[in-house]
Amino acid sequence: MKRYLIFCIFQTMLLIFTSLAFSSPLGHGAGPVNVSPAWTITKGSLFVRTWSRLYLKDQVITRNGVSSAEMHSNVQAGLGCFYGFTPHLELGLAQIFYQDTNKPPKANNFPDDLFFRLKLGSLGLKKSAIRFGVQFDLRLPTAQVHNIPLESYSSSRMSYGFSGLFSIVSNTFQPDSGVTITANIGTYNHWDLGTKLTTFDHDSLMVRANSRELVYGVSFVNVVNKFSYFAEVYGRAFLQRPPPTAYTRETTVYFSPGVSYQTNEWLRFRCSLDLLILGIKDLSKYSDDPKEPTALVRAWHNAPNMSTWRITMGARITLKRGKIDKRVKRDKARATYRLNGHDEDLYVEIAQEKRKAESAEYELDRIRAERKRMEDLIERLQTMLNNPSDTGSSSQEGKKKPE
């Protein structure tokens, strides 16, 4: 009971922030979430990301000469957190709390799978526009149902992946701003050898080799003040394809444009639209005869194997912002100065002239103080010369001994 109460609380948080849709639960930057940048968040920073995904499909079914309209959907929602462990190491943990299964008898996973990410990034020369990184992703099968229609392939076993990250940034001291171009490529491995993908007792098809995927993507991001405009192309291709009883065993490529808005220092909203541009052909094997040894029941008629479009939204909450040392602040100020159209040599020249002006002003203040002191001394001497008797009497009184 307590377990489901906790899940309900987290689900309420998701509704508050109106999250709708991200393919990868572990993205948290200003741009896309499917293509990961090569830099890491600041040391000591702590972010929370809410996300979900929504796809709708209308269809008309005719049975015995009678037509009826139906609407089907695929929804996913979850919550993740990210921490800057060191200047080059970032950790991420995310839980999918709700996932439509789109097949009976269980209508949804509550909860679904758990994800872990370790990123080693921000590698390269500090003044260079190029950043490198590597990323490790782990998926733990905490859900009850896997091999879900309209979702990327997953089995009831743990899966993991490694990716290489490459980014070109316009602001070398603050990569998550300005214009950035990022590319990812890696592999994703499913430890599904010997598993059966359906729940039918008569299903004789087993996974004969661990399924493996090639994952890749390219993104473009332009941050202008509080807005961020981005577009990405990302996809998956099987190097070792699962058996025909897998709902999703095709090469898929998505194009995803979007925009995000920074409302204040701790809250950012994001919205995007995923469009399927490759992978509409269904390679799964279906059968209406339950006695077939490779029987795979369709989730519904006339539905694609993958979502042809997905409306996406999300929110990122900054719980703690890492400290930036004085050197980084100074470098960021210089970078901003150059981005505004100023040359670095001109900046240095202006700084030198400013120091000279400050030195001259200090010297002028010193001369003024010395001049004031001399004027006071001359005034005292003039007073002594104009009143010699007062000076003499004061001297005699000073020589008298006390009684």
Side-chain angles (χ1 to χ4, degrees), residues 23-26 53 55 74-76 78 93-118 135-163 186-216 235-252 279 281-300 303-307:
S23 177
S24 170
L26 291 174
R53 175 161 51 209
Y55 168 77
N74 183 40
V75 178
Q76 181 188 105
L93 184 67
Q95 174 71 63
I96 299 177
F97 288 102
Y98 181 90
Q99 171 64 60
D100 285 342
T101 61
N102 300 310
K103 58 183 181 179
K106 186 173 175 56
N108 57 70
N109 283 329
F110 190 70
D112 198 82
D113 288 347
L114 179 68
F115 295 80
F116 172 76
R117 170 171 292 176
L118 187 150
Q135 182 173 285
F136 170 75
D137 289 288
L138 179 67
R139 179 170 185 158
L140 301 176
T142 56
Q144 293 186 18
V145 179
H146 292 89
N147 186 29
I148 298 174
L150 302 176
E151 291 290 336
S152 298
Y153 172 73
S154 66
S155 69
S156 57
R157 300 276 184 85
M158 181 177 66
S159 56
Y160 67 95
F162 292 93
S163 298
T187 60
Y188 206 77
N189 304 278
H190 303 270
W191 282 348
D192 55 355
L193 176 63
T195 61
K196 188 173 68 171
L197 302 182
T198 70
T199 58
F200 298 107
D201 295 334
H202 59 270
D203 185 359
S204 60
L205 277 183
M206 310 287 285
V207 180
R208 297 183 179 182
N210 287 327
S211 303
R212 293 185 297 114
E213 293 181 274
L214 176 70
V215 293
Y216 51 90
R236 310 168 75 99
F238 278 100
L239 303 175
Q240 177 63 47
R241 203 183 301 272
T245 49
Y247 277 105
T248 308
R249 56 196 304 267
E250 301 80 16
T251 296
T252 57
K281 185 178 180 181
D282 196 338
L283 301 181
S284 301
K285 183 178 180 180
Y286 303 98
S287 176
D288 294 329
D289 185 1
K291 295 182 180 180
E292 286 284 339
T294 58
L296 185 64
V297 179
R298 292 181 182 271
W300 52 74
N305 57 313
M306 282 291 291
S307 302

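Throughout, residue positions are numbered sequentially from 1 according to the sequence presented. What you see is a predicted model; the values in this text were computed from it and never measured.
- In this structure, the side chains of Val207 and Pro243 come closer than 4.5 Å at one or more pairs of heavy atoms.
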Exercise. In sequence, state the C-alpha distance, the side-chain angles, and the governing distance for Tyr98 and Val75, and then conclude on side chain to side chain contact (heavy atoms under 4.5 Å, CB included).
Key: CA-CA 8 Å; Tyr98 181 90; Val75 178; 4.1 Å; yes
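- Separating the CG atom in Leu205 from the OG1 atom in Thr195 is a distance of 11.0 Å, to the nearest 0.5 Å.
- Every pair passing salt bridge (charged side-chain N to carboxylate O under 4.0 Å, His left out) that includes a residue from residues 143-155 is listed here, sequence neighbours excluded: Arg53-Glu151.
- Listed by first then second residue, pairs satisfying salt bridge (charged side-chain N to carboxylate O under 4.0 Å, His left out) with a partner in residues 238-247 number zero, not counting sequence neighbours.
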Quiz prompt | From CA spacing to verdict: side chain to side chain contact (heavy atoms under 4.5 Å, CB included), Leu93, Leu114 | solution = CA-CA 8 Å; Leu93 184 67; Leu114 179 68; 4.1 Å; yes
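- With sequence neighbours excluded, the residues that form a side chain to side chain contact (heavy atoms under 4.5 Å, CB included) with Ser155 are Tyr153, Arg157, Asp192.
- Contact between Glu250 and Asp282 at its shortest, heavy atoms only, is OE2-OD1, 3.4 Å.
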Practice problem: Using the side chain to side chain contact (heavy atoms under 4.5 Å, CB included) rule, take Asn74 and Gln99 through it: C-alpha gap first, then chi angles, then the decisive distance, then the call. | Solution: CA-CA 8 Å; Asn74 183 40; Gln99 171 64 60; 3.1 Å; yes
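- No side-chain heavy atom of Asn305 sits under 4.5 Å from any side-chain heavy atom of Ser284.
- Residue pairs meeting the salt bridge (charged side-chain N to carboxylate O under 4.0 Å, His left out) criterion with at least one partner in residues 96-110, sequence neighbours excluded, are absent.
- Rounded to the nearest 0.5 Å, atoms CD (Gln76) and CG (Asp112) are 6.5 Å apart.
- Atoms OG and NE2, on Ser159 and His146 in that order, are 8.5 Å from each other to the nearest 0.5 Å.
- Under the 4.5 Å side-chain criterion, counting only non-hydrogen atoms from C-beta, Lys285 is not in contact with Thr245.
- Using a distance-only test at 3.5 Å, with no hydrogens or angles considered, a donor-acceptor pair links the side chain of Thr101 to the main chain of Ala107.
- Under the ring pair (Phe, Tyr, Trp, His ring centres under 6.0 Å) criterion, Tyr216 pairs with no residue at all, not counting sequence neighbours.
- Side chain of Glu213 to backbone of Leu239: no donor-acceptor contact under 3.5 angstrom is found.
- Between atom CG of residue Asp137 and atom CZ of residue Phe162 there is a gap of 9.5 Å, rounded to the nearest 0.5 Å.
- Judged purely by atom type and a 3.5 angstrom limit, Asn147 uses its side chain to pair as donor or acceptor with the backbone of Tyr247.
- Atom CG in Asn108 sits 14.0 Å away from atom CZ in Phe97 (nearest 0.5 Å).
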Self-check item: Leu150 and Ser307: CA distance, side-chain angles, deciding distance, side chain to side chain contact (heavy atoms under 4.5 Å, CB included) verdict
Solution: CA-CA 5 Å; Leu150 302 176; Ser307 302; 3.8 Å; yes
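- Although no hydrogens or angles enter the test, the distance criterion places no donor-acceptor pair under 3.5 Å between the side chain of Arg212 and the main chain of Gln240.
- At least one donor-acceptor pair closer than 3.5 Å links the side chain of Gln95 to the backbone N or O of Asp113.
- Distance check, rounded to the nearest 0.5 Å: CG of Asn189 to OH of Tyr160 gives 4.0 Å.
- Tyr55 is linked by a ring pair (Phe, Tyr, Trp, His ring centres under 6.0 Å) to Trp309, counting only residues two or more places apart in sequence or in another chain.
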